[in-house]
Amino acid sequence: MEMARRHTGHSFIFLAPESSHNIIDLPVNVRFRYVNRNLFKWLGKEIWYKHILPKELAGSKADLFVTADNAYFKKAAIPSCLFLIHSNTLLQDTTHVKKNKKIITLLNRAIKNADNVITFSKHDKQAIQKQSPASANKIKLLRHQATEIAELKWTEKEMIKIEFAGGVEYFVFAGDIHERYDLIGLLKAFTLFKKWQQSNMKLLLVGNKSSSTVQFSKKLSTYKYRNDVHLLIDQSKEDVQRMISGAYAFVYPALYDPFPVNILQAMKAGVPVITTPAPVCREWGGNAVMYPETNDIAGFAKSMQLVYKDEKLRSGFVEAAKKQVSLYEKNDMVEACLNFLKKTLQSKSQ
């Protein structure tokens, strides 16, 4: 939407389910073509993308087709750009390769069919090039842009602590309540931290609902320190940012995350980050983040303890984060993305 607001000379059409009709404050150059959600269930995704979508594109008279994480994408009659975000997990995780060979095959075909492919980290770009060598020249890297978050004043942090954590300091996780994150391991690490420090620190788990949420909630209900853990589901973007900005430290036990934007938000807000050395987390966090080994519960707890006890260490990570996040502040993601799209059109028109 930001691209549309900046560039009113271009028109943008979104193919969207009928439930999207409640979107408000649309730019004048944006319109929606609503699609019956049930058609996906009746026809199946593969049939939809193979037979129905081409008719929808023809009816829109668009110059360029943009799609994200679409394993069923077939060669379009117009220039096309495929964004790969979460689908990169399938290409890189050997357990997924064994379980979803058909999806992997379709995803590779989608990469081949697209005129340009956009990803968001060097690691993912290299992994996709390795998986699909013939498509290497069309794969582009788009750096994410650090959001406009400022460090909070002491009084602002105190208000956030009162609102969300009973007035005490807290660690915060913000992401999906999903198996992609070792949240059970995080609870075990928090248990060790509480035993070692005898602290009244809280842990906020701020997440988007997923298929794993109900099961995780049941496990949390029997957790020893459950009164010190607050599970906050589907919060507003503004409140999530406030909770990250007001935290003592940001904890992110990612097993794999292709788009760890909340790490950037925490660093931008001057909040120390503890995460796993998952490839994209390490790439985005650089040397400004603490990296206990994946599945190392005691190591994660030790990092929580160190950032709690050692003010000099904590300040060092905050200062390093300012330098690291500056690499992303200089990038205008919207304009860079638009340039990619324009180049796709230009290359097809020549």
Side-chain angles (χ1 to χ4, degrees), residues 1-41 43 45 48-87 110 113-120 140-149 176 208-209 234-241 258-259 261-262 264-265 328-329 331-349:
M1 290 300 175
E2 177 61 26
M3 187 184 295
R5 290 189 176 94
R6 291 190 195 181
H7 298 276
T8 55
H10 298 290
S11 296
F12 297 80
I13 303 169
F14 288 85
L15 295 177
E18 292 174 339
S19 60
S20 300
H21 70 276
N22 60 346
I23 296 177
I24 60 175
D25 192 28
L26 289 177
V28 294
N29 55 335
V30 171
R31 63 187 176 93
F32 280 78
R33 287 172 61 90
Y34 293 112
V35 178
N36 187 336
R37 182 187 292 272
N38 288 328
L39 285 176
F40 286 90
K41 297 178 181 178
L43 299 175
K45 287 185 177 180
W48 166 266
Y49 286 113
K50 186 175 181 179
H51 297 289
I52 307 301
L53 181 59
K55 294 180 181 179
E56 292 288 334
L57 291 178
S60 70
K61 297 181 180 180
D63 297 309
L64 176 70
F65 175 54
V66 180
T67 184
D69 284 332
N70 185 349
Y72 297 92
F73 171 65
K74 193 177 179 182
K75 190 69 175 177
I78 60 176
S80 59
C81 193
L82 173 65
F83 283 74
L84 289 182
I85 308 172
H86 296 292
S87 57
N113 287 335
D115 293 302
N116 263 339
V117 177
I118 292 179
T119 187
F120 295 88
K140 313 297 182 184
L141 172 62
L142 179 63
R143 278 189 178 274
H144 195 274
Q145 182 177 1
T147 52
E148 291 297 325
I149 297 179
D176 295 330
N208 300 314
K209 191 174 183 179
D234 292 339
Q235 301 294 301
S236 69
K237 180 180 178 181
E238 292 74 19
D239 280 344
V240 172
Q241 290 182 345
F259 208 64
V261 62
N262 286 333
L264 288 182
Q265 292 186 346
Y328 294 86
E329 289 177 319
N331 176 55
D332 190 327
M333 187 177 178
V334 172
E335 296 306 314
C337 182
L338 182 61
N339 287 334
F340 278 139
L341 300 182
K342 285 182 176 179
K343 287 178 182 178
T344 302
L345 272 175
Q346 291 169 358
S347 64
K348 295 298 289 185
S349 63

Problem - Criterion side chain to side chain contact (heavy atoms under 4.5 Å, CB included) on K237 and V240, from CA distance to verdict - result: CA-CA 5 Å; K237 180 180 178 181; V240 172; 5.8 Å; no
Exercise for the section: Show your reasoning for whether side chain to side chain contact (heavy atoms under 4.5 Å, CB included) applies to M1 and V30. Expected result: CA-CA 8 Å; M1 290 300 175; V30 171; 4.1 Å; yes
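Using a distance-only test at 3.5 Å, with no hydrogens or angles considered, no donor-acceptor pair links the side chain of D239 to the main chain of Q235. Under the 3.5 Å distance criterion, the side-chain polar atoms of D332 are matched with a main-chain donor or acceptor of E335. No donor-acceptor pair closer than 3.5 Å links the side chain of D69 to the backbone N or O of L84.
Distance check, rounded to the nearest 0.5 Å: CG of D234 to NZ of K209 gives 7.5 Å. The distance from atom CG of L142 to atom CZ of F120, rounded to the nearest 0.5 Å, is 5.0 Å. Atom CZ of residue R31 and atom CD1 of residue I13 lie 4.0 Å apart, to the nearest 0.5 angstrom. Distance CZ/F32 to CG/L15: 10.0 Å, rounded to 0.5 Å. Atom-to-atom distance recorded for T119:OG1 and I85:CD1 is 8.5 Å, nearest 0.5 angstrom. To the nearest 0.5 Å, atoms OG (S236) and CD (Q241) are separated by 9.0 Å.
For the pair F73/S80, a side-chain contact is recorded, criterion being any heavy-atom separation below 4.5 Å from C-beta on. Side-chain contact between F83 and C337 is present, with at least one heavy-atom pair separated by less than 4.5 Å. You'll find the side chain of K75 reaches within 4.5 Å of the side chain of D115, heavy atoms only. Counting only heavy atoms from C-beta outward, the side chains of L345 and D63 approach each other to under 4.5 Å. Between L341 and V66, some side-chain heavy-atom pair lies under the 4.5 Å cut-off. Residues L64 and T344 have side chains in contact (heavy-atom distance under 4.5 Å, counting atoms from C-beta outward). Proximity of H144 to L264: side-chain heavy atoms (C-beta onward) are separated by under 4.5 Å at one or more points. Using a 4.5 Å heavy-atom cutoff, the side chains of L338 and F340 are not in contact.
Within 6.0 Å of NZ in K74 there are 12 or fewer heavy atoms belonging to other residues, nucleotides or ligands.
Looking at every heavy atom in both residues, T8 comes nearest to N29 through CA-ND2, 3.5 Å. Closest approach of L82 to A114, counting heavy atoms only: CB-CB, 3.7 Å.
Under the 30°/60° scheme for interplanar angles, the aromatic rings of H10 and H7 are found to be tilted.
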